[in-house]
Asks: 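Sharing a structure here in structure tokens format.
Just so we're clear, the structure is a prediction, and the values are computed from it rather than from any experiment. Side chains included, hydrogens not; waters and symmetry mates left out as well; all remaining heavy atoms used.
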Amino acid sequence: MRKKEIIAMILAGGQGSRLGVLTKNIAKPAVPFGGKYRIIDFPLSNCSNSGIYTVGVLTQYKPLDLNSHIGIGDPWDLDRRDGGVSILPPYQEEKGGDWYKGTANAIYQNIEYVDRYDPEYVLILSGDHIYKMNYDKMLDFHKENNADATIAVIDVPIEEASRFGIMNTRLDNSIYEFEEKPKNPKSTNASMGIYIFNWKLLKEFLKEDEEDPNSSNDFGKNIIPKMLEAKKRLFAYPFKGYWKDVGTIESLWQANMDLLDVNNTLDLYDKGWKIYSQTQVRPAHYIGKEAVIVNSLVTEGCRINGRVENSILSQGVSIGRNSVVKDSVIMPNVKIGDNVIIERAIIGTGAIIDDNYSLVNIDSIGVVGANKHLTWENDIGNDIAIKEISLDLDEEIMGRISFSGGIL
């Protein structure tokens with residue numbers, strides 16, 4: 001193999017249990033986002049746009065859909081003979097094998113893969129964050145500081161800092177302390193889970209960590225603190241721009257809603273930094289005579305005969321007559337019947353919602369799992385909280401039943 005200066009490793013094996021039914025059958029990085037994309041499209045596109053064309057994607061939980069989506073990597077210009085994209089699941093060796101035990105162990109199990117390219121540097125990414133970032137600039141920062149490791153950080157509000165790993169730095173951005181979700185944070189430099197390491201040094205720490213029976217085999221909990229203890233040169237790379245960890249229902253919904261904000265800094269229309277994805281062949285979307293669409297994203301293959309307001313419609317969605325979809329994320333191939341109300345919800349891929357059904361959420365986000373079939377008859381008697389609602393709708397719609405905060 002030709003020697004590479006830097007290769008990327010994307011950690012994409014997470015179960016995403018906090019996304020509930022949305023990740024029942026697929027890995028979190030494969031969850032649809034923004035009408036046209038999957039979450040994994042963002043780090044893959046960032047790699048391609050940054051000129052990094054050797055990428056390993058470490059999969060584990062329910063990988064079939066994710067593997068199929070990535071394929072040979074052609075949308076991201078990663079279908080290359082010398083490098084390109086490689087799917088890296090856990091595998092059995094003669095001495096035995098195991099699932100990836102942690103983020104550090106995942107890279108440890110793939111030392112042989114990395115060594116094939118003999119890189120000077122390795123870029124380690126999470127497969128479940130939404131952002132646009134030029135990793136080449138981060139690499140320049142790493143070199144300029146003669147760093148052993150560089151960790152991308154983003155400034156977060158002080159009241160939210162306790163939710164993150166916090167990098168405490170000197171004036172030159174060198175890191176002197178790492179705090180994992182501190183109760184009383186000293187700074188607001190939150191780790192983004194984006195690392196550049198000098199590969200030869202990292203390999204030593206990975207091997208040492210693997211031999212420690214008390215280790216969690218995690219970069220944040222083990223590798224970075226051990227590097228700091230060993231007085232290695234660690235630097236924080238300040239990132240300014242949109243970034244969101246979409247690991248919860250609320251954050252996934254909010255990141256989608258952010259795309260509808262005119263002041264949103266995640267510009268998907270930027271021709272100089274495109275987000276690429278597998279594209280299905282679909283007809284143009286159809287807007288019926290009685291349809292109304294307000295501040296929404298509508299993707300190819302949709303057929304709309306109702307009202308859509310402040311919502312994201314993925315490929316192949318159909319919405320029946322006199323139906324209202326508001327403040328919601330509708331994933332691919334969802335079929336919504338006539339006289340349906342959906343508000344503040346995420347509807348999973350392939351779900352069917354029959355006529356006269358209402359799913360209205362006031363204090364939380366309602367979620368419908370993939371391929372779920374919701375009918376009025378099937379939900380009578382279900383243990384779902386029913387609340388009165390107040391919407392600016394006609395009396396006929398107001399008279400229907402509504403569910404608040406349900407996960408179906």
Asks: Inspect the contact between Glu204 and Lys226 and indicate whether a charged nitrogen and a carboxylate oxygen are less than 4.0 angstrom apart.
Replies: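 Judged by the 4.0 Å cut-off on N to carboxylate O distance, Lys226 and Glu204 do not form a salt bridge.
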
Asks: Starting at CZ of Arg344, measure out to OG of Ser364 and round the result to the nearest 0.5 Å.
Replies: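 These two atoms lie 7.5 Å from each other.
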
Asks: Please give me the minimum heavy-atom distance between Asp77 and Arg80, naming the atom from each residue.
Replies: OD2-NH2, 2.8 Å

Asks: Ignoring hydrogens and geometry beyond distance, is a side-chain donor-acceptor pair present between Asp115 and Trp199 at under 3.5 Å?
Replies: yes

Asks: Salt bridge or not between Arg321 and Asp338? Use side-chain N to carboxylate O under 4.0 Å.
Replies: no

Asks: More than 12 heavy atoms of other residues, nucleotides or ligands under 6.0 Å from CD of Glu290: is that the case?
Replies: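 Open.
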
Asks: Locate the shortest heavy-atom distance separating Ser314 from Pro332; write the atom from each residue and the value.
Replies: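 The answer is CB-N, 3.4 Å.
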
Asks: Looking only at side-chain N and O atoms, does Asn168 offer a donor or acceptor that is under 3.5 Å from a partner on Ser187?
Replies: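 A donor-acceptor contact under 3.5 Å links the two side chains.
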
Asks: Scan side-chain atoms only and decide if Asn217 and Asp209 contain a donor-acceptor pair under the 3.5 Å cut-off.
Replies: yes

Asks: Crowded around Asp172 CG? As in, over 12 foreign heavy atoms under 6.0 Å?
Replies: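 For Asp172, atom CG is crowded (more than 12 foreign heavy atoms under 6.0 Å).
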
Asks: Search all heavy atoms of Glu309 against all heavy atoms of Ser296 and return the closest pair with its distance.
Replies: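 Looks like C-OG, 3.6 Å.
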
Asks: May I ask you to decide if Ser216's main-chain N or O and Asn222's side chain share a donor-acceptor pair within less than 3.5 Å?
Replies: yes

Asks: Hey, does Tyr195 have a side-chain heavy atom less than 4.5 Å from the side chain of Leu202?
Replies: no

Asks: On a heavy-atom basis, which atom in Ile10 and which in Gly127 lie closest, and how many Å separate them?
Replies: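 Ile10 and Gly127 have their closest heavy atoms at CG2-CA, 3.6 Å.
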
Asks: Report yes if some heavy atom in the side chain of Val329 is under 4.5 Å from a heavy atom in the side chain of Trp253; otherwise report no.
Replies: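 When only atoms from C-beta onward are counted, Trp253 and Val329 do touch, with a gap below 4.5 Å.
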
Asks: Only one of Asp41, Asp270, Asp267 forms a salt bridge (Lys or Arg N to Asp or Glu O under 4.0 Å) with Lys132, so which one is it?
Replies: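 So the option named by the test is Asp270.
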
Asks: Output the distance between atom CZ (Phe42) and atom OG (Ser277), rounded to the nearest 0.5 Å.
Replies: 9.0 Å

Asks: Centroid separation under 6.0 Å, is that true for the rings of Phe205 and Phe197?
Replies: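 No, the ring of Phe197 stays outside the 6.0 Å limit from the ring of Phe205, centre to centre.
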
Asks: Give a yes or no on whether the backbone of Leu252 and the side-chain of Asn256 come within a donor-acceptor separation of less than 3.5 Å.
Replies: yes

Asks: Closer than 3.5 angstrom, by distance alone: can the side chain of Thr299 be matched with the main-chain N or O of Leu313 as a donor-acceptor pair?
Replies: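 Between the backbone of Leu313 and the side chain of Thr299 there is a qualifying donor-acceptor contact (under 3.5 Å).
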
Asks: May I have the step-by-step check of side-chain contact (heavy atoms from CB on, under 4.5 Å) for Ile70 and Gln278, ending in yes or no?
Replies: CA-CA 8 Å; Ile70 295 172; Gln278 293 283 5; over 6 Å; no

Asks: So, does Ser50 use its side chain to make a donor-acceptor pair with the main chain of Asn134 at under 3.5 Å?
Replies: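 Checked: no pair found.
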
Asks: Which atom pair, heavy atoms only, marks the closest approach of Ser162 to Pro182?
Replies: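 So the minimum-distance heavy-atom pair works out to CB-O, 3.0 Å.
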
Asks: Assess whether side-chain contact (heavy atoms from CB on, under 4.5 Å) is satisfied between Tyr53 and Ser48, documenting all intermediate values.
Replies: CA-CA 6 Å; Tyr53 297 112; Ser48 179; 3.9 Å; yes

Asks: With a 3.5 Å distance limit and no angle check, can you tell me whether Asp212 reaches the backbone of Asn214 through a side-chain donor-acceptor pair?
Replies: yes

Asks: Between Val21 and Lys372, is any pair of side-chain heavy atoms under 4.5 Å apart?
Replies: no

Asks: Evaluate Tyr135 against Leu125 for side-chain contact (heavy atoms from CB on, under 4.5 Å), listing each step before the verdict.
Replies: CA-CA 10 Å; Tyr135 304 134; Leu125 307 169; 3.6 Å; yes

Asks: Would you check if Val156 and Trp243 make a side-chain contact, meaning some heavy-atom pair closer than 4.5 Å?
Replies: no

Asks: Answer yes or no: is there a donor N or O on one side and an acceptor on the other, between the side chain of Glu210 and the main chain of Tyr108, under 3.5 Å?
Replies: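 Flag not set: sc Glu210 to bb Tyr108 has no pair under 3.5 Å.
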
Asks: Testing the 3.5 Å rule here: is there a donor-acceptor pair between the side chains of Asn46 and Trp273?
Replies: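 Side chains of Asn46 and Trp273: pair found under 3.5 Å.
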
Asks: Any chance NZ of Lys274 has more than 12 other-residue heavy atoms, nucleotides or ligands included, within less than 6.0 Å?
Replies: no

Asks: Does any donor atom in the side chain of Tyr237 or Asn145 lie under 3.5 Å from an acceptor atom in the other side chain?
Replies: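 The answer is no; no qualifying pair exists.
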
Asks: Strictly distance-based, threshold 3.5 Å: is any side-chain N or O of Ser323 a donor or acceptor partner for the main-chain N or O of Val340?
Replies: yes

Asks: To the nearest 0.5 Å, what is the distance between CD1 on Ile312 and CG on Leu297?
Replies: 4.0 Å

Asks: Let's go through Leu359 and Ile347 carefully: what are the C-alpha distance in whole Å and the side-chain angles of both, what is the deciding distance for side-chain contact (heavy atoms from CB on, under 4.5 Å) to 0.1 Å, and is it a yes or a no?
Replies: CA-CA 10 Å; Leu359 178 62; Ile347 311 298; 3.9 Å; yes

Asks: Is it true that atom NZ of Lys24 has more than 12 heavy atoms of other residues, nucleotides or ligands lying nearer than 6.0 Å?
Replies: no

Asks: If every non-hydrogen atom of Leu66 is compared with every non-hydrogen atom of Ala12, which pair is closest and at what distance?
Replies: CD2-O, 3.7 Å

Asks: Return yes if some donor-acceptor pair links the side-chain N/O of Lys335 with the main-chain N/O of Gly316 below 3.5 Å, else return no.
Replies: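 Between the backbone of Gly316 and the side chain of Lys335 there is a qualifying donor-acceptor contact (under 3.5 Å).
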
Asks: Quick one: pull up NZ in Lys28 and CG in Asp245 and give me the separation to the nearest 0.5 Å.
Replies: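 Lys28 atom NZ to Asp245 atom CG measures 5.5 Å (nearest 0.5 Å).
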
Asks: Could you tell me whether Glu120 and Lys143 make a salt bridge, using a distance below 4.0 angstrom between a side-chain N and a carboxylate O?
Replies: no

Asks: Can you find a side-chain donor-acceptor pair between Asn310 and Asn295 that sits under 3.5 Å?
Replies: yes

Asks: Take Lys4 and Asp82 through the salt bridge (Lys or Arg N to Asp or Glu O under 4.0 Å) test and state the conclusion after the steps.
Replies: CA-CA 10 Å; Lys4 305 288 185 180; Asp82 183 23; 3.4 Å; yes

Asks: With no hydrogens and no angle check, is any side-chain donor or acceptor of Thr54 less than 3.5 Å from a backbone partner on Ile7?
Replies: no

Asks: How about Lys186 and Glu179: do any of their side-chain heavy atoms sit closer than 4.5 Å?
Replies: yes

Asks: Is any side-chain heavy atom of Leu266 closer than 4.5 Å to one of Tyr131?
Replies: no

Asks: To the nearest 0.5 Å, what is the distance between CD1 on Ile352 and CD1 on Ile336?
Replies: 11.5 Å

Asks: Cut-off 3.5 Å, side chains only: do Gln315 and Asn333 have a donor facing an acceptor?
Replies: no

Asks: Is there side-chain contact between Arg233 and Ser174, with at least one heavy-atom pair below 4.5 Å?
Replies: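 Counting from C-beta outward, Arg233 and Ser174 never come under 4.5 Å.
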
Asks: With a 3.5 Å cut-off and no angle check, do the side chains of Asn322 and Asn339 form a donor-acceptor pair?
Replies: yes

Asks: Are the side chain of Ser45 and the backbone N or O of Ile275 linked by a donor-acceptor pair below 3.5 Å?
Replies: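 Absent.
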
Asks: With a 4.5 Å heavy-atom cut-off, do Pro32 and Tyr37 have their side chains touching?
Replies: no

Asks: What's the separation between atom CE in Met257 and atom CD1 in Ile365, rounded to the nearest 0.5 Å?
Replies: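 Spacing of CE (Met257) from CD1 (Ile365) equals 8.5 Å.
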
